[in-house]
Novice: 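Pasting in a structure now, in structure tokens, and then I'll have a few things to ask.
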Amino acid sequence: MMNKKRIADASVIVFFLSISLLLFLFLGKRKEGNEVRVMVEGKEIGVYSLSQDGEYHLNGGSNILIIENGKAYMADADCPDKLCVRQGKIHRNGETITCLPNKLTVTVIDEEGEVDLVL
């Protein structure tokens, strides 16, 4: 009886590990994006190329977006927690930096202006 229980437990573990590996392989293959779309309060305020380095003062200067070497990151923000600054660099299609206090999002998109949907 105990041996059957261990085999069943091992089967469940192998099943979930297999599913995790498949999800990692599919989600890990997102392509590089070409642009970032900046939105404030749900309205698009700009689209910037990841191939052109620059510094952008967004939302009246409350956020500073840096694009360099094909990656975008939030260098500074006037929000109290600065979570958007700590989110790191983004460059893959669909990655997003969000600043909730300033209602700002920066999302990597492809050349058609769309984000790939991975299910």
Side-chain angles (χ1 to χ4, degrees):
M1 175 93 165
M2 193 65 142
N3 201 16
K4 287 183 181 180
K5 187 175 181 181
R6 287 186 180 171
I7 291 173
D9 289 344
S11 298
V12 169
I13 290 170
V14 168
F15 172 76
F16 282 114
L17 286 175
S18 300
I19 295 296
S20 298
L21 178 64
L22 288 173
L23 285 173
F24 175 74
L25 291 175
F26 284 115
L27 294 177
K29 291 192 177 202
R30 287 190 287 181
K31 65 180 181 176
E32 301 283 320
N34 298 329
E35 301 172 325
V36 290
R37 176 187 295 142
V38 179
M39 301 185 79
V40 175
E41 294 185 12
K43 296 180 181 115
E44 184 178 295
I45 63 164
V47 175
Y48 305 102
S49 173
L50 286 174
S51 62
Q52 187 174 10
D53 291 355
E55 180 176 314
Y56 305 95
H57 295 262
L58 308 172
N59 209 9
S62 63
N63 295 79
I64 299 174
L65 176 70
I66 302 289
I67 298 176
E68 62 184 12
N69 302 322
K71 297 180 181 181
Y73 63 94
M74 199 68 63
D76 194 23
D78 67 357
C79 53
D81 55 11
K82 302 219 187 286
L83 288 176
C84 56
V85 175
R86 291 186 275 169
Q87 288 180 15
K89 297 179 179 181
I90 59 174
H91 65 283
R92 289 191 179 92
N93 202 18
E95 290 181 324
T96 301
I97 296 173
T98 303
C99 183
L100 288 177
N102 292 328
K103 300 175 184 164
L104 178 129
T105 61
V106 178
T107 305
V108 178
I109 57 175
D110 63 13
E111 62 273 354
E112 289 89 34
E114 296 298 322
V115 174
D116 280 345
L117 179 64
V118 179
L119 296 177

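Bear in mind the structure is a predicted one, so any value in this text is a computation, not a measurement.
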Novice: Considering only heavy atoms from C-beta outward, does the side chain of M74 approach that of Q87 to under 4.5 Å?
Specialist: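 No, side chains not in contact.
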Novice: Using the rule side-chain contact (heavy atoms from CB on, under 4.5 Å), only one of L65, I109, V47 pairs with V36; which is it?
Specialist: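 Passing option: L65.
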Novice: Counting distance only, does the side-chain N/O of N59 pair as donor-acceptor with the main-chain N or O of N102 below 3.5 Å?
Specialist: yes
Novice: If you look only at pairs with a residue in residues 45-71, which of them pass as a salt bridge (Lys or Arg N to Asp or Glu O under 4.0 Å), with sequence neighbours excluded?
Specialist: none
Novice: Under a 3.5 Å threshold, yes or no: a donor from one side chain and an acceptor from the other, between S49 and S51?
Specialist: yes
Novice: To the nearest 0.5 Å, what is the distance between NZ on K89 and CD1 on I66?
Specialist: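 Reported value, rounded in 0.5 Å steps: 10.0 Å.
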Novice: When Ile, Leu, Val, Met, Phe, Trp and Tyr are grouped by side-chain heavy atoms lying under 4.5 Å apart, directly or through other members, which residues fall in the same group as L17?
Specialist: I13
Novice: Taking side chain as C-beta onward, heavy atoms only, is T107 less than 4.5 Å from M39?
Specialist: no
Novice: Atom SG in C84, atom CD1 in I64: separation rounded to 0.5 Å?
Specialist: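 It is 10.5 Å, given to the nearest 0.5 Å.
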Novice: Identify the heavy atoms of G88 and I97 that sit nearest to each other, and give their distance.
Specialist: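 Minimum heavy-atom contact is O-CD1, 3.7 Å.
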Novice: Under a 4.5 Å cut-off applied to non-hydrogen side-chain atoms, are L104 and V38 in contact?
Specialist: yes
Novice: Counting only heavy atoms not in K82, do more than 12 sit closer than 6.0 Å to its NZ atom?
Specialist: yes
Novice: CG/L100 to CG/L83 distance, rounded to the nearest 0.5 angstrom?
Specialist: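 The distance works out to 8.0 Å.
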Novice: Between NE2 of H91 and CG of L50, what distance do you get to the nearest 0.5 Å?
Specialist: 9.5 Å
Novice: With side-chain contact (heavy atoms from CB on, under 4.5 Å) as the test, would you mind laying out the steps for L58 and Y48 before giving the verdict?
Specialist: CA-CA 12 Å; L58 308 172; Y48 305 102; 3.9 Å; yes
Novice: When hydrophobic residues are tied together by side-chain contacts of less than 4.5 Å, even through go-betweens, does V14 share a cluster with I19?
Specialist: no
Novice: Please report the shortest heavy-atom distance between T96 and G94, naming the atom on each side.
Specialist: OG1-O, 3.4 Å
Novice: What closest approach, in Å, do G33 and V108 show between heavy atoms, and which atom pair accounts for it?
Specialist: CA-CG1, 3.5 Å
Novice: So, taking the atom named CG in D110 and the one named CD in E35, what distance separates them when rounded to the nearest 0.5 Å?
Specialist: 8.5 Å
